[in-house]
Amino acid sequence: MTPQAQWRALRNASTDQSVKDQKLKAGTFKRIVGFAKPYKKQLSVFLFMVVLDAILTVASPLILKQLIDKGVVPHNGRVVTQLALLVAFFALFDAGINLVLRWHSSQIGEGLIYDLRTQVFSHVQKQSIAFFTRTQTGALISRLNSDVIGAQQAFTSTLSGVISNALSLILVVGAMLTLSWQITLASLLMIPFFILPTKWIGKRLQGLTRESFNVNAEMSSTMTERFNVSGALLVNIYGDGKAEGENFRSKARKVADIGIKSAVLNRAFFSVLTTIAAIATAFAYGIGGHLAISKTITIGTLLAITTLLARLYGPLTSLSTVRIDVMMALISFERVFEVLDLEPMVKDPLTPKSFPSHQPNVTFNNVKFSYPKADEISLASLEVVAKKEIVESGEVLKGISFEVKPGTLTAIVGPSGAGKSTISGLIPRLYDVTEGSIEINGVDIRDVLITELRSTIGVVTQDSHMFHDSIKTNLLYARNEATEEDLWAACNAAQIGDFIRTLPNGLDTVVGERGHRLSGGEKQRLAIARLLLKAPKIVILDEATAHLDSENEALVQDALKIALKDRTSIVIAHRLSTVVQADHILVLENGLIAERGTHDELVALKGLYFDLYQRQSLSPGN
């Protein structure tokens, strides 16, 4: 039994046997075949080479028989030379076949990985924000990595393995029966001694494998949470370094202990298979030797049959777990399909309209909204990915109506949880309204292509995200064709240009993960520069100055004056000092508009706005 065959047997033994009992969804196999269609020519050549390789497995021992019986025994040097050269030719030919096999398998495998990954990535990008708020990033990344690789193995490792092993087994057993049915029957009686240790050790390896996955996941989770800026800050401020070290060491120790147990079991597994194979070969030599002495078989037949015997048990062991191999590959495909089958909650219309080109006005018509439930957006059978909702959000907006006129600034204020940020998410269709409609220039935003809608809107949030890349790359995300002059113009207008010029690498300075190398004010001004570069017709500011000190807030406010000029603007604010100059102010409470008017009108009303105003010590007396 070759080392490769032993390794395949070990891998199969350590695989979770429960997968063979799982049921696949109807139509899964048909979809899988659909993915293989672009590669049918390569698959045909690949499978032909697999068959040819299996035939060569039997050919060499049979040539060896002729070399001994017709060359060595009768002392015929010419035959020995010819057959030795033929064996060498077959060896070279087999090496060539294996190179061609590897080339085609990589072409098919990498092509399938590319197709699946790009489809999954594109599909996930279309999902609503609600999907991302309920999913674990690591689980989604696993779909793009582990499951996609597992799926492509259905056409490379699994399919070729089944055909190769089945054909090799038929040819080897057929050749052995032809050479000596007595040795063949004796060899087949040894099969249980290969299968039983595989099952016995396999069960223990399965348990260790599952435990290894769990403890490795725990250790990886600990590292992921600590090895980022936010996690490191929390550990440094609140954490106990000694306790953190002990916690990690305990998890790393578990991983190490499982690794030791697995290594011992692996060695035991290989030793058992090697020993049984050696015993089986010894039996074959013993029986065959007696048969050769009695002239029942030739010496060449004896050597050929013992060579074939080494190629018998590997395919047998692999085929004993073929159902598991096939199911593992098919389940990987099904897990990928589950992502692809998840319909986005926000979709493009079938017959899209376009907005009129004039300056936009935004109208909310009796808008009601409730956040979607987990079962409406989660991946149905994947509890690892989708987290169950403990408390339903209820109706966040309860029928609100208002209009933002072209070129004006409307501020939305109110206590926390009133629904202010929900409004900012509905306009660019991060979510869709439950009832009512939102119109821009009289056109329902659901009737317009999502790309067209979002191209007219610019948003700055209280914690603007920056990719771990250069300032230039983060700015170009808004308008990829922008020149360096455009970048500097936007930065100057956003009051961040002078700061960038002081940096050694200027626009090529890397901002760090989530922009943590920048201060809060610098990051917000950079976000405003990105917005100016996009030059949207509608601007939404969602608590854009909430976390800034007075100095940075003043700089950001100066930048915002330029960003909001002559644009239809909606500003969501907690600090009322930032909205006193608004053309119109809406006061939200419990999902309803409690008050509306200008700053002076609302102060004179002495209602909820006036109470908020007084709490922030902004009354005329202060």
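Predicted model, so just to flag it, every value in this text is computed and none were measured.
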Run the numbers on Thr184 and Ser187 for side-chain hydrogen bond (donor to acceptor under 3.5 Å, both in side chains), then give the verdict.
CA-CA 5 Å; Thr184 304; Ser187 301; over 6 Å; no

Decide yes or no on side chain to side chain contact (heavy atoms under 4.5 Å, CB included) for Leu302 and Leu291, but give the supporting numbers first.
CA-CA 9 Å; Leu302 174 60; Leu291 291 173; over 6 Å; no

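- A heavy-atom distance below 4.5 Å is not found between the side chains of Phe90 and Asp94.
- Scanning both residues, Arg311 and Val172, for their nearest heavy atoms gives O-CG2, 4.0 Å.
- Using the six-membered ring where Trp is involved, Phe93 and Phe89 have ring planes that are parallel, under 30° apart on the 30 and 60° scheme.
- In terms of the salt bridge (Lys or Arg N to Asp or Glu O under 4.0 Å) criterion, Lys40 has no residue partners (sequence neighbours excluded).
- With contacts defined as side-chain heavy-atom distances shorter than 4.5 Å, the pair Asp115/Tyr39 qualifies.
- No side-chain heavy atom of Val346 sits under 4.5 Å from any side-chain heavy atom of Tyr431.
- With Asn76 contributing its side chain and Val72 its backbone, the two residues share no donor-acceptor pair below 3.5 Å.
- Here the CG-CG distance, from Leu188 to Leu312, works out to 6.0 Å after rounding to the nearest 0.5 Å.
- Looking only at side-chain heavy atoms (C-beta outward), Arg429 and Arg446 come within less than 4.5 Å of each other.
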Could you walk me through whether Val511 and His468 pass the side chain to side chain contact (heavy atoms under 4.5 Å, CB included) test, one step at a time?
CA-CA 6 Å; Val511 301; His468 186 36; 5.8 Å; no

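- In this structure, the side chain of Asn474 engages the main chain of Phe467 through a donor-acceptor pair within 3.5 Å.
- How far CH2 of Trp103 is from CG of Asn98: 16.0 Å, rounded to the nearest 0.5 Å.
- Closest approach of Ala304 to Leu179, counting heavy atoms only: CB-CD1, 4.1 Å.
- Between Ile113 atom CD1 and Thr118 atom OG1 the span is 11.5 Å, to the nearest 0.5 Å.
- At a threshold of 4.5 Å between non-hydrogen side-chain atoms, the residues Val100 and Phe46 do not count as touching.
- Looking at Ser122, its side chain never comes within 3.5 Å of a backbone N or O of Gln119 through a donor-acceptor pair.
- When each of Leu101, Leu47, Ile97 is tested with Leu52 by the rule side-chain contact (heavy atoms from CB on, under 4.5 Å), just one qualifies, namely Ile97.
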Kindly indicate, with the supporting measurements, whether the criterion side chain to side chain contact (heavy atoms under 4.5 Å, CB included) is fulfilled by Asp348 and Thr451.
CA-CA 9 Å; Asp348 276 326; Thr451 51; 5.8 Å; no

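- Side-chain contact between Leu86 and Leu83: present, with at least one pair of heavy atoms (C-beta onward) separated by less than 4.5 Å.
- Atom CD1 of Ile63 is separated from atom CG of Leu85 by 11.5 Å, given to the nearest 0.5 angstrom.
- In the displayed structure, Ile299 atom CD1 is contacted under 6.0 Å by at most 12 heavy atoms of other residues, nucleotides or ligands.
- A donor-acceptor pair under 3.5 Å is absent between the side-chain atoms of Ser262 and the main chain of Gly259, judged by distance alone.
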Please step through salt bridge (charged side-chain N to carboxylate O under 4.0 Å, His left out) for the pair Asp257 and Lys261, ending with a clear verdict.
CA-CA 6 Å; Asp257 290 342; Lys261 291 177 183 176; over 6 Å; no

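- For the residue pair Gly71 and Val80, the shortest heavy atom distance occurs at C-CG2, 3.4 Å.
- Side-chain contact between Thr298 and Ile68 is absent, with no heavy-atom pair separated by less than 4.5 Å.
- Rounded to the nearest 0.5 angstrom, Leu185 CG and Met176 CE are separated by 9.5 Å.
- When all heavy atoms of Leu309 and Ala280 are compared, the closest pair comes out as CD2-O, 3.7 Å.
- Heavy-atom minimum distance, Pro352 versus Leu350: CD-O, 3.4 Å.
- Looking only at side-chain heavy atoms (C-beta outward), Ile305 and Ile297 stay at 4.5 Å or farther from each other.
- Of all non-hydrogen atoms in Ser168 and Ala54, the two that sit nearest each other are OG-CB, 3.6 Å.
- Pairs passing the side chain to side chain donor-acceptor pair (under 3.5 Å) check and including a residue from residues 57-68, sequence neighbours excluded, read Lys65-Asp69, Gln66-Lys70.
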Walk me through whether Ile258 and Arg253 qualify under side chain to side chain contact (heavy atoms under 4.5 Å, CB included).
CA-CA 9 Å; Ile258 291 170; Arg253 184 70 261 168; over 6 Å; no

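- The line from CZ of Arg249 to CG of Asn247 is 10.0 Å long, rounded to the nearest 0.5 Å.
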